[in-house]
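Presented below is the structure to which this report refers.
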Amino acid sequence: MNRLLDNLQPYPFERLRALLRGVEPPMALRPISMSIGEPRHRAPACVREAMVAALDGLSSYPPTAGGEPLRRAIAAWLDRRYGLPEVDPATQVLPVNGSKEALFAIAQLVVDAGPGSPRPVVLLPNPCYQVYEGAALLAGAEVVYVDPAPGDAAPDWDAVPSATWGRVQLVYVCSPGNPTGSVMSRAQWARLFELSARHGFVIAADECYSEIYPDDAAPPEGALQAAHALGLTDFARLLTFSSLSKRSSVPGLRSGFVAGDAALIARFLLLRSYNGGAMSATVQAASLAAWSDEAHVVENRRLYREKFDAVLPRLDGPLQVAAPAGGFFLWAGVPGGDDTAFARDLYAQYNVLVLPGSYLARGGPGRNPGAGFVRIALVDGLDACVEAADRIRRFSTRTTA
Ligand SMILES: Cc1ncc(COP(=O)(O)O)c(C=O)c1O
């Protein structure tokens with residue numbers, strides 16, 4: 001058995017289940033789950049129809065690189081969304097079966113933990129999506145967590161000791177971030193690109209929340225867009241990971257893409273031809289329809305905006321909350337600062353599930369940047385979110401009274 005498996009941490013939802021074991025919520029109140037970031041808006045008609053029309057695709061093995069029509073549709077979307085007309089669909093785009101598997105596989109691709117060289121380091125934002133951590137550990141790397149700078153939610157790269165940078169092989173970035181919703185600024189990207197040029201590490205930019213943002217007229221800047229604006233047009237050592245799961249509310253489709261550095265994509269393709277990363281032709285057809293349509297994405301954003309507009313005024317005060325720059329999570333400071341007690345007692349008294357922030361970050365007592373926060377996913381319908389917010393408000397004001 002691979003001994004590195006022993007280094008894996010229990011998933012946050014497993015820890016939540018353990019926290020709530022034996023707790024009996026009030027059955028008179030309908031359960032409302034805001035712990036898991038699973039989009040629940042209806043899958044768009046264009047995606048459903050394209051999928052049904054492409055069922056013949058089940059009869060053939062798809063190529064690992066995906067079909068040309070899908071890669072072209074993705075490149076066209078990258079151009080429309082980020083103004084990147086020069087992305088080459090043949091060499092700079094690779095469809096993947098959801099961003100999760102690709103975010104895991106990138107560490108297996110990049111990290112060289114062979115004998116004779118210093119132990120590789122993978123940098124992770126703290127807090128972050130736990131898949132990065134498992135991917136780095138299973139690749140044999142040492143994981144270094146980068147806390148946010150005081151007063152900021154984005155990781156403070158300058159806090160990484162200079163001796164560490166020489167061993168860094170891979171840096172995960174998430175923008176808009178899970179769980180904080182923060183978006184990397186152009187200056188933060190510039191700093192990271194400069195460090196990557198100096199030390200040679202790869203940047204894996206997780207952008208699976210890129211299409212959920214409050215103002216239709218002000219989409220968050222993407223990593224490739226920032227690189228392009230800074231003159232780094234070959235996207236050297238940079239890959240972005242995008243997904244339809246949140247953009248098009250199809251988490252069950254398992255569809256996303258990786259784009260960027262052509263040399264990295266070529267090596268990724270080699271790895272994927274062994275680990276079976278090819279996307280079914282049926283899923284490709286549905287994905288092509290999704291990436292080619294923006295109307296359902298605009299509607300999706302409207303639904304999230306409606307929920308944030310209704311929920312924020314109810315929670316602002318009892319909790320410390322602000323509208324996120326992107327994504328569908330509220331990253332809320334809880335009264336008293338004990339996030340696990342808050343999540344447990346809220347469930348026990350009001351049958352609402354939220355995720356303790358300390359489960360999403362690392363660091364001992366007094367050092368865990370997720371402590372004192374809960375992550376509230378606005379994925380259910382408007383009524384359920386409003387009902388949950390009213391319950392959380394009652395619970396919080398009772399707790400602090
Ligand atoms: C930050 C982040 N990255 C990646 C993923 C994976 O998404 P998918 O595999 O559905 O594209 C998730 C899912 O919740 C996530 O929160």
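When a ligand or atom number is given, it counts from 1 through the structure's own listing order. Only heavy atoms go into these numbers, but all of them, side chains included; no hydrogens, no water, no symmetry mates. Please read all numbers here as calculations on a predicted model, not as lab measurements.
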For the pair Phe257 and Trp291, name the ring-plane relationship: parallel under 30°, tilted 30 to 60°, perpendicular over 60°.
perpendicular
Test: side chain to side chain donor-acceptor pair (under 3.5 Å). Region: residues 190-199. Which pairs qualify, not counting sequence neighbours?
Asp158-Arg191, Arg191-Glu194, Ser196-Arg237
Closest approach of Gln92 and Ala262, non-hydrogen atoms and distance?
CG-CB, 4.0 Å
For residues 276-304, pull every pair meeting salt bridge (charged side-chain N to carboxylate O under 4.0 Å, His left out), keeping only residues two or more places apart or in separate chains.
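Every pair satisfying salt bridge (charged side-chain N to carboxylate O under 4.0 Å, His left out) with a residue in residues 276-304: Asp216-Arg301, Arg247-Glu294, Glu299-Arg302, Arg302-Glu306.
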Output every pair passing salt bridge (charged side-chain N to carboxylate O under 4.0 Å, His left out) with a member in residues 105-131, not counting sequence neighbours, ordered by first then second residue.
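Every pair satisfying salt bridge (charged side-chain N to carboxylate O under 4.0 Å, His left out) with a residue in residues 105-131: there are none.
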Below 4.0 Å from any atom of ligand 1, which residues have a heavy atom? Give them in chain and number order, please.
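Residue list for ligand 1: Gly98, Ser99, Lys100, Leu103, Tyr129, Tyr132, Cys174, Asn178, Asp206, Cys208, Tyr209, Ser243, Ser245, Lys246, Arg254.
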Give a yes or no on whether a salt bridge exists between Arg81 and Glu211, defined as a side-chain N under 4.0 angstrom from a carboxylate O.
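Yes, charged N to carboxylate O under 4.0 Å.
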